[in-house]
K.L.:
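Would you mind keeping the following structure in view while I ask a few things?
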Amino acid sequence: MSKKISRRDFLRFGALGGASVVATACAPQVIEKTIEVTKEVQVEVEKTVIVKEEVEKLITATPAPVQTFPDGTKLSMKLRAAFIPQANEILSALIKDWGARSNVQVEVDIVSMNDLQTIAATAAETGAGPDIVELNQNSAHLFAEKLADISDVCEDLGSRFGGWHEVGKQACIVDGKWLAMPRFLAAHAMNYREDTLGQVGYATPPKTWDEMLDLGKKLKDAGLPPIGLPLGHAVGDGNNFTYSLLWSFGGKEVEEDGKTVAINSPETAAALDFVRELYQVMLPDTVSWDDASNNRAFLGGEVSVTNNAASIWATARTAAPDIFAVTNHFPYPEGPKGAVLYGELMSQCVFSYTKNLDAAKALLAYLNEQAQYEPWSIAGYSFLYPLLKDYEFGALMPWNTQPKLAAFKGVAGLVHLPGYPSSAGRPASEAFAKWIVLDMFAKAATGEATPDVIAWAEEQLVSIYGA
Amino acid sequence: MQVSIDGVNPARSPWQRFSSWLDRERVLGPVLVAPAVILLVVLIAYPFGVALFLAVSDRVIAKADSGAFIGLANFTKLMRDSIFRQTVVNTLNYALVSVLFKLVLGMLMALVLNEITIFKNFFRGILLLPWIVPTSLSALGWLWMFDSQYSIFNRILLSAGIIDQKIIWLGTGLWAMLSVQIVNIWRGIPFFGISLLAGLQAIPQDLYEAAEIDGASSWQRFWQITTPLLMPVTVVVTLFSIVQTFADFQIVYVLTRGGPINSTHLFATLAHQVAILGGKLGEGAAISLFMFPVLVIAVVLQLRYLQRL
């Protein structure tokens, strides 16, 4: 005889079922979620022979002892996805191992950079969220009031490994206190095709922007794939190009005092006139490029030169082997004032609402310790460039072992953050978010008169810095 | 067993008393409406109130000593900002042009669907897809179709000889605005089409037959019979669409993020850029509230029109 399920039974079973689901979810274990959403990561990168051997050598070394924490200690962290899945896996494994040995339950989310800014802003504003977040550029200044002081672990690492690079200190020290720990610099260089450049007499790549322009003209005249440098809203590549160009010509957004807008200068005008000329010989598509577009263009054989991290070279290994064979890198060209470059910096902060500050600091110190930092950094093919001076000289670091990655060496000492030469935090971030510098160059490149463009940029910057 | 208390009426259990209290219309009405009201208040009224407060303050993300009342300073600052003025023009352009095309093409879709007799449900289902598919996903598809390197449109146009140089769809101001309008129109046609179709089916057939006997052409039938009788539906749907299109975010955010050089920024995307990425919550709230007067006018017009019917 079948019995109809009564409401009471339904509620009882439903509650039991729900409770069991909740129970398994809360079981003490290291919860690991990996979300790969950057467009670059969509291209599969197999484990390469080069990196595998080096990394395995380091990981099999005996891990250092770690401090253990009382039961129930939990941490949640949101980190940026590196374009190489391998690096993300190594990082997850390192964190998992630390969590197991320190008796801390760590929940790791590896997400796209675009989401990180919103996550950090929400956490800072609402006072609740992840304990550790990876911030970009000088966001530590933006969220200063909500970040915990981690000066002790930062100073300790700095004193043992040769000190932190200037750009790291600028991003993370607010009012004399370390509010974030510099994590990595997404090192940039000019990616180029040895074959096409060789055909127009540039077997030795250009060293100055004037030579770049000459190269561009020669490539265009010869009907070969031209130069392509992004003028669209590409957060990484576009800003890298335009800020570096501006500063290398001697232009700047604001004076060192952080208040006087200084964009209206002959140096800025020179940079804008230059980009107008350069655009004539560049691929016209570049005004619509986002961060992944120049990768695709280079791998598709549409451009001979573009600025990027080593991701193009790394993906070409499997995606376009014929292009891989002729891909190399050269450092950013120099302008009249030398090579004053932009750096895309990520740092890790701990929010002050965390309940486990000591555990968070211990984890950050662990991850940035040489034995743990090196294997992860090596797997990044120079995309994960260290900010501790001694790490650069590690014998197994990619720029020391790969001839084609030599151009990335020493980049950390040349880079600056938006707002250079001032160390202003908030206004620089706002100008950065509003794309003032990039749009200024895009306007000039697509034909607007230089005085008008400078007037527009000045108006915008005055309303940001003057307010 | 029911025990008597006063000797006449049986005592009722607490549940029975509660149950009959609930049955009274004065109580049951509000109780049934309460969930919807709570949702509206929490998800719409409260955030709107917070936005109003933010818009007249100088609040900045994660800065405790910001948030002082500054009157209309945010609004006057925005009026002087060239990026904002461009956004106003962009939004008006985007909304009015898109709605016009959606209306015309939606009407066409409704008229055609009205005539189809075989596989009616299949066609209606298929043509409804652009509206149903989540915008973020369909916009990603369009992003690839508009990509400067891999655009399928460029391929077709180039090989047909219509253009001799590829179009950089999302690279120049005019083409970028056109691209986002195309996607908005593509998405919105089913909304108009299905709503107008419902209106069409309510028109009695004998009106058309009488007109045909009197010698009216199909064009005359359309303007003299269909259009007037569809007017209530058309007005409601058009005003609704204007409100939605003004507040659009996803299409522009996915395709251009407001670029190139702010030529496709709408109120919503600019507010996001200024408030979340730039940290200026007060200014961002002011930007998003600029839409408010327009939308209020649209709603008032709609309600007055409906009341007249």
Side-chain angles (χ1 to χ4, degrees), chain A residues 39 114 117-118 120-127 139 141-147 231-235 238 283-290 292-293 296-297 300 302-303 351 425-427 429-436 438-443 445-446 448 453 455-456 459-460 463-464 467, chain B residues 54 58-66 70 73-74 77-78 80-84 86 140 143-144 146-151 154 165-173 175-176 179 253-265 270 272-284:
Chain A
K39 286 187 202 160
N114 297 323
Q117 186 69 6
T118 315
T122 314
E125 186 64 14
T126 58
S139 298
H141 291 256
L142 265 183
F143 306 131
E145 292 183 12
K146 295 289 169 69
L147 299 180
L231 285 167
H233 281 193
V235 179
L283 197 67
D285 305 19
T286 49
V287 279
S288 70
W289 275 2
D290 63 9
S293 309
R296 284 202 297 267
E302 293 220 351
V303 290
F351 279 98
R426 277 184 191 278
S429 294
E430 199 188 329
F432 178 76
K434 280 177 125 162
W435 301 98
I436 308 293
L438 190 130
D439 280 348
M440 186 178 71
F441 278 94
K443 279 178 185 258
T446 49
E448 261 186 71
V453 173
W456 172 83
E459 175 214 343
Q460 291 292 328
S463 92
I464 293 172
Chain B
L54 283 177
D58 60 356
R59 180 116 185 92
V60 165
I61 282 193
K63 200 160 169 235
D65 67 344
S66 66
I70 54 170
N74 279 331
K77 181 176 175 199
L78 283 172
R80 286 196 298 260
D81 183 357
S82 59
I83 295 183
F84 180 75
Q86 174 152 28
L140 279 177
L143 183 63
W144 277 96
F146 284 135
D147 182 85
S148 60
Q149 241 178 302
Y150 297 110
S151 169
N154 280 339
Q165 215 192 8
K166 69 179 178 188
I167 301 173
I168 305 173
W169 293 96
L170 303 173
T172 48
W175 284 113
S179 307
Y253 187 74
V254 171
L255 286 176
T256 61
R257 297 271 157 94
I261 316 179
N262 307 309
S263 56
T264 55
H265 252 317
L270 185 66
H272 175 267
Q273 183 176 289
V274 166
I276 307 288
L277 300 176
K280 292 266 182 82
L281 286 176
E283 250 183 73

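Below, read A as the first sequence line, B as the second, and so on, with proteins coming before strands; counting in each chain starts at 1.
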K.L.:
For chain A, find which of B:R59, B:H272, B:R80 contributes the most heavy-atom pairs closer than 4.5 angstrom.
P.N.:
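Of B:R59, B:H272, B:R80, B:R59 has the most heavy-atom pairs under 4.5 Å with chain A.
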
K.L.:
Quick check on B:F146 against chain A: is it the side chain, the backbone, both or neither that has a heavy atom closer than 4.5 Å?
P.N.:
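B:F146 has no heavy atom closer than 4.5 Å to chain A.
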
K.L.:
I'd like to check B:L277 versus A:K434 (side-chain heavy atoms, cut-off strictly below 4.5 Å). Are they in contact?
P.N.:
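When only atoms from C-beta onward are counted, A:K434 and B:L277 do not touch, as no gap falls below 4.5 Å.
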
K.L.:
Name the option with the most non-hydrogen atom pairs under 4.5 Å to chain A; the candidates are B:V274, B:L170, B:I276, B:I83.
P.N.:
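Ranked by contacts with chain A, first place is B:I83.
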
K.L.:
About how many Å separate CD1 of B:I261 and CE of A:M440, when rounded to the nearest 0.5 Å?
P.N.:
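The distance works out to 11.5 Å.
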
K.L.:
Does any heavy atom of chain A fall under 4.5 Å from the side chain of B:D147, the backbone, both, or neither of them?
P.N.:
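Contact with chain A involves the side chain of B:D147 alone.
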
K.L.:
Tell me the closest heavy-atom pair linking A:E459 and B:D81, and the distance in Å.
P.N.:
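So the two residues come closest at OE2-CA, 4.0 Å.
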
K.L.:
Which region of A:K146, side chain (C-beta onward) or backbone (N, CA, C, O), has a non-hydrogen atom less than 4.5 Å from a non-hydrogen atom of chain B, or is it both or neither?
P.N.:
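Answer is side chain: those atoms of A:K146 sit under 4.5 Å from chain B.
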
K.L.:
Could you tell me the separation between the CG atom of B:L281 and the CD atom of A:E125, rounded to the nearest 0.5 Å?
P.N.:
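Spacing of CG (B:L281) from CD (A:E125) equals 5.0 Å.
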
K.L.:
Are B:I168 and A:S288 packed together at the side-chain level, in the sense that at least one heavy-atom pair is separated by less than 4.5 angstrom?
P.N.:
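In short, these two side chains touch, coming nearer than 4.5 Å.
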
K.L.:
Quick check on the interface: out of A:G232, A:A124, A:A297, A:A121, who has the most heavy-atom pairs with chain B under 4.5 Å?
P.N.:
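The option with the most such pairs is A:A297.
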
K.L.:
Between B:P260, B:S82, B:G258, which shows the greatest number of heavy-atom pairs under 4.5 Å with chain A?
P.N.:
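Of the options given, most contacts go to B:S82.
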
K.L.:
Can you tell me how far the CG atom of B:L78 sits from the OG atom of A:S463, to the nearest 0.5 Å?
P.N.:
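Answer for the CG-OG pair, B:L78 versus A:S463, is 9.5 Å.
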
K.L.:
Please round to the nearest 0.5 Å and tell me the distance separating atom CD of B:Q149 and atom CZ of A:R296.
P.N.:
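B:Q149 atom CD to A:R296 atom CZ measures 6.5 Å (nearest 0.5 Å).
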
K.L.:
Salt bridge check, B:R257 against A:D290: does any charged N sit closer than 4.0 Å to a carboxylate O?
P.N.:
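The answer is no: the pair does not qualify as a salt bridge.
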
K.L.:
With a 4.5 angstrom heavy-atom cut-off, is it the side chain or the backbone of B:Q165 that approaches chain A, or both, or neither?
P.N.:
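Contact with chain A involves no heavy atom of B:Q165 at all.
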
K.L.:
Roughly how far apart are A:S139 OG and B:I61 CD1, rounded to 0.5 Å?
P.N.:
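A:S139 atom OG to B:I61 atom CD1 measures 10.5 Å (nearest 0.5 Å).
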
